[in-house]
Number of protein chains: 2
Amino acid sequence: MADDGAGRPGGESLLFLTDEQLKKGIEAMFFAYRGFTADPDRILAHYAYGRAHHRALHFINRAPGTTVNNLLAILGVTKQSLNRVLRTLIADGLVESRVGTRDKRERHLHLTDKGHALESELSDAQRDRLRAAYRAAGPEAVAGFRRVLEAMMEPEIRRHFRTLREERA
Amino acid sequence: MADDGAGRPGGESLLFLTDEQLKKGIEAMFFAYRGFTADPDRILAHYAYGRAHHRALHFINRAPGTTVNNLLAILGVTKQSLNRVLRTLIADGLVESRVGTRDKRERHLHLTDKGHALESELSDAQRDRLRAAYRAAGPEAVAGFRRVLEAMMEPEIRRHFRTLREERA
DNA sequence: GAGCTTACGTCAGCCTTGTTGACATTCCAA
DNA sequence: TTGGAATGTCAACAAGGCTGACGTAAGCTC
């Protein structure tokens with residue numbers, strides 16, 4: 001460790017950029033992500049669903065009426081992969097697929113009541129963990145957390161992410 | 001900027017705990033984690049390895065001479081799953097497995113030169129992304145980022161994580 | 001020294017979730 | 001009318017999780 005010592009004027013301490021600090025950050029991401037998914041994973045196991053189902057439910061809930069192609073782009077998977085998940089969700093009555101009115105090739109996806117119920121259950125668990133973490137870390141930490149996460153995204157996704165934020169303010 | 005209004009004495013703004021803010025946090029974690037793994041994933045594809053190999057290389061590098069059981073606990077997978085990965089890494093000459101001296105039942109894992117080379121390649125790419133994100137967000141954001149991530153981990157892992165930190169200061 | 005426990009490896013089989021490639025259908029738009 | 005876009009589906013495959021069972025060597029305990 002050591003090197004790049006104190007805070008110089010105009011250039012704050014760069015200790016947070018040492019390889020050691022960066023490696024700790026990498027590990028923190030790994031471990032935190034595991035914690036982040038642990039609660040929903042436990043719940044999903046009861047229903048014989050997986051993370052892929054959770055993600056689909058989440059984003060359909062966030063953008064009701066979204067098209068399959070849209071969802072594909074957000075989730076970053078192939079249509080075959082998404083279709084498998086979507087098929088079971090539709091068959092199980094959690095998701096409804098409506099043929100588009102303007103463009104009948106498109107399918108607009110909506111959660112049913114049952115779908116909302118599961119989405120809420122998953123969402124509640126995950127929010128509880130995040131809320132606890134936010135509370136423990138404090139509001140300034142949360143702002144920093146969000147800034148770093150945003151900077152870590154692929155540029156195209158970041159644009160999308162920011163768009164979503166504005167829409168919902 | 002934006003949200004979380006003023007700081008009241010003793011009890012700062014709690015706007016960062018609204019469901020909407022929490023959902024944005026959840027999405028940020030999802031998208032950021034994808035960015036976080038994107039570069040190593042691309043590199044791994046060249047070598048026909050996957051994320052599991054990366055994780056093994058990372059933690060063996062971090063704790064040279066670690067035992068299989070140790071690694072199992074950190075990675076949170078079964079020994080069968082780890083073994084599959086370890087076997088290929090050993091067969092390909094990236095990892096060396098040495099019989100323990102004190103306890104001959106244990107295998108102590110080390111990276112070979114070749115192993116170090118790949119680990120560095122992966123690590124460099126991932127650190128570059130994190131470094132760029134840190135730089136963009138600033139040192140205070142980084143501190144907050146780390147605090148939230150730590151608070152998000154499972155308690156047992158958090159203890160382990162903090163132990164590692166102390167050892168390396 | 002006998003017997004239990006631990007650490008590790010391995011075989012077999014299963015699941016989820018990702019991938020490619022090929023192909024059919026529907027329907028908008030030029 | 002025809003090309004291309006959006007969607008769905010089939011088949012096959014791979015990575016990387018999992019469980020269960022079994023074997024071996026080594027350490028520990030009585």
Side-chain angles (χ1 to χ4, degrees), chain A residues 30 33-34 37-38 40-60 65-92 95-110, chain B residues 30 33-34 37-38 40-60 65-92 95-110:
Chain A
F30 172 62
Y33 199 77
R34 245 197 1 223
T37 56
D41 283 355
R42 262 189 292 275
I43 294 168
L44 288 159
H46 295 326
Y47 298 90
Y49 290 140
R51 257 180 228 181
H53 300 87
H54 181 190
R55 290 197 280 263
L57 290 175
H58 175 94
F59 284 107
I60 293 171
T66 189
T67 63
V68 172
N69 244 15
N70 232 319
L71 205 50
L72 241 43
I74 291 171
L75 294 175
V77 297
T78 59
K79 64 175 177 173
Q80 293 90 332
S81 202
L82 175 59
N83 192 255
R84 183 167 35 200
V85 165
L86 234 35
R87 214 184 318 168
T88 74
L89 290 175
I90 291 169
D92 294 352
V95 168
E96 200 188 339
S97 168
R98 300 182 196 156
V99 173
T101 49
R102 219 194 48 190
D103 183 337
K104 291 180 191 163
R105 290 166 305 179
E106 295 180 340
R107 301 300 139 92
H108 298 271
L109 303 169
H110 298 264
Chain B
F30 172 63
Y33 198 78
R34 250 207 344 234
T37 56
D41 283 354
R42 262 189 292 275
I43 294 168
L44 288 159
H46 294 326
Y47 299 90
Y49 290 139
R51 257 180 230 181
H53 301 87
H54 181 191
R55 291 198 279 264
L57 289 176
H58 175 95
F59 284 107
I60 293 171
T66 190
T67 64
V68 173
N69 246 12
N70 231 320
L71 204 51
L72 241 43
I74 291 171
L75 294 174
V77 297
T78 59
K79 66 172 178 174
Q80 293 92 329
S81 205
L82 175 58
N83 193 254
R84 183 166 35 199
V85 165
L86 233 35
R87 212 184 320 170
T88 73
L89 290 176
I90 291 168
D92 295 353
V95 169
E96 199 189 339
S97 167
R98 300 181 197 156
V99 173
T101 49
R102 222 193 46 190
D103 184 336
K104 291 180 191 164
R105 290 170 305 175
E106 296 180 338
R107 300 300 139 90
H108 297 273
L109 303 170
H110 298 264

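Note on naming: letters A, B, ... go to the chains in the order of the sequence lines (proteins, then strands), and numbering restarts at 1 for each one. Scope of the values below: all heavy atoms of this structure, side chains included, with no hydrogens, waters or symmetry mates.
Computed from coordinates, the B:Leu72 CG to C:dG9 C1' distance equals 12 Å when rounded to whole Å. Rounded to an integer number of Å, the gap from CZ of A:Arg98 to P of D:dT7 is 16 Å. Between the P atom of D:dT7 and the CZ atom of A:Arg102 lies a distance of 12 Å, rounded to the nearest Å. Distance, B:Asp41 CG to C:dT19 P: 11 Å, rounded to whole Å. Here C:dA22 presents its P atom at 19 Å from CG of A:Asn83, a figure rounded to the nearest Å. For the pair A:Asn70 CG and D:dT7 C1', the interatomic distance rounds to 14 Å; values are reported in whole Å. We find that CZ of B:Arg34 is positioned 10 Å from P of C:dG18, with the value rounded to whole Å. Summarising the geometry, the separation between NE2 on A:His108 and P on D:dA6 is reported as 12 Å, rounded to the nearest angstrom.
Residue-to-nucleotide contacts include a donor-acceptor pair under 3.5 Å from the side chain of B:Gln80 to the base of D:dG20. With hydrogens and angles left out, the side chain of B:Arg51 and the base of D:dG17 share no donor-acceptor pair within 3.5 Å. With hydrogens and angles ignored, no donor-acceptor pair closer than 3.5 Å exists between the side chain of A:Arg105 and the base of C:dT26. Residue side chain A:Lys104 does not reach the base of C:dT26 through any donor-acceptor N/O pair under 3.5 Å, judged by distance alone.
Checking B:Asp41, B:Val85, B:Leu44 one by one against B:Tyr49, the side chain to side chain contact (heavy atoms under 4.5 Å, CB included) holds for a single residue, B:Leu44.
In plain terms, the two heavy atoms of B:Leu75 and B:Phe59 that are nearest each other are CD2-CD1, 3.6 Å.
Under 4.0 angstrom from either OP1 or OP2 of D:dT7 there lies at least one side-chain N or O belonging to A:Asn69. The side chain of A:His53 places no N or O atom within less than 4.0 Å of a non-bridging phosphate oxygen (OP1 or OP2) of C:dT16. In this structure, B:Arg55 reaches the D:dG17 phosphate: one of its side-chain N or O atoms is under 4.0 Å from OP1 or OP2. OP1 and OP2 of D:dG16 both lie 4.0 Å or more from every side-chain N or O belonging to B:Ser81.
Using the six-membered ring where Trp is involved, B:His54 and B:His58 have ring planes that are perpendicular, over 60° apart on the 30 and 60° scheme.
Note that the CZ atom of A:Arg107 and the NZ atom of A:Lys104 stand 11.5 Å from one another [nearest 0.5 Å].
Summary of the strand contacts: A:Arg84 and A:Asp103 both lie near DNA chain D, and taking for each the nucleotide with the nearest heavy atom, the more 5' one is attributed to A:Asp103. Mapping A:Gly50 and B:Leu86 onto DNA chain C via the closest heavy atom, the residue that lands nearer the 5' end is B:Leu86.
When heavy atoms are screened at a 4.0 angstrom cut-off, B:Arg87 is found touching the sugar-phosphate backbone but no base atom.
Within the 4.5 Å cutoff, side-chain heavy atoms of B:Val95 are placed close to those of B:Leu57.
Taking only side-chain atoms of A:Lys79, from C-beta outward, the nucleotide of C:dC8, D:dG8, C:dT20 with the closest atom is D:dG8.
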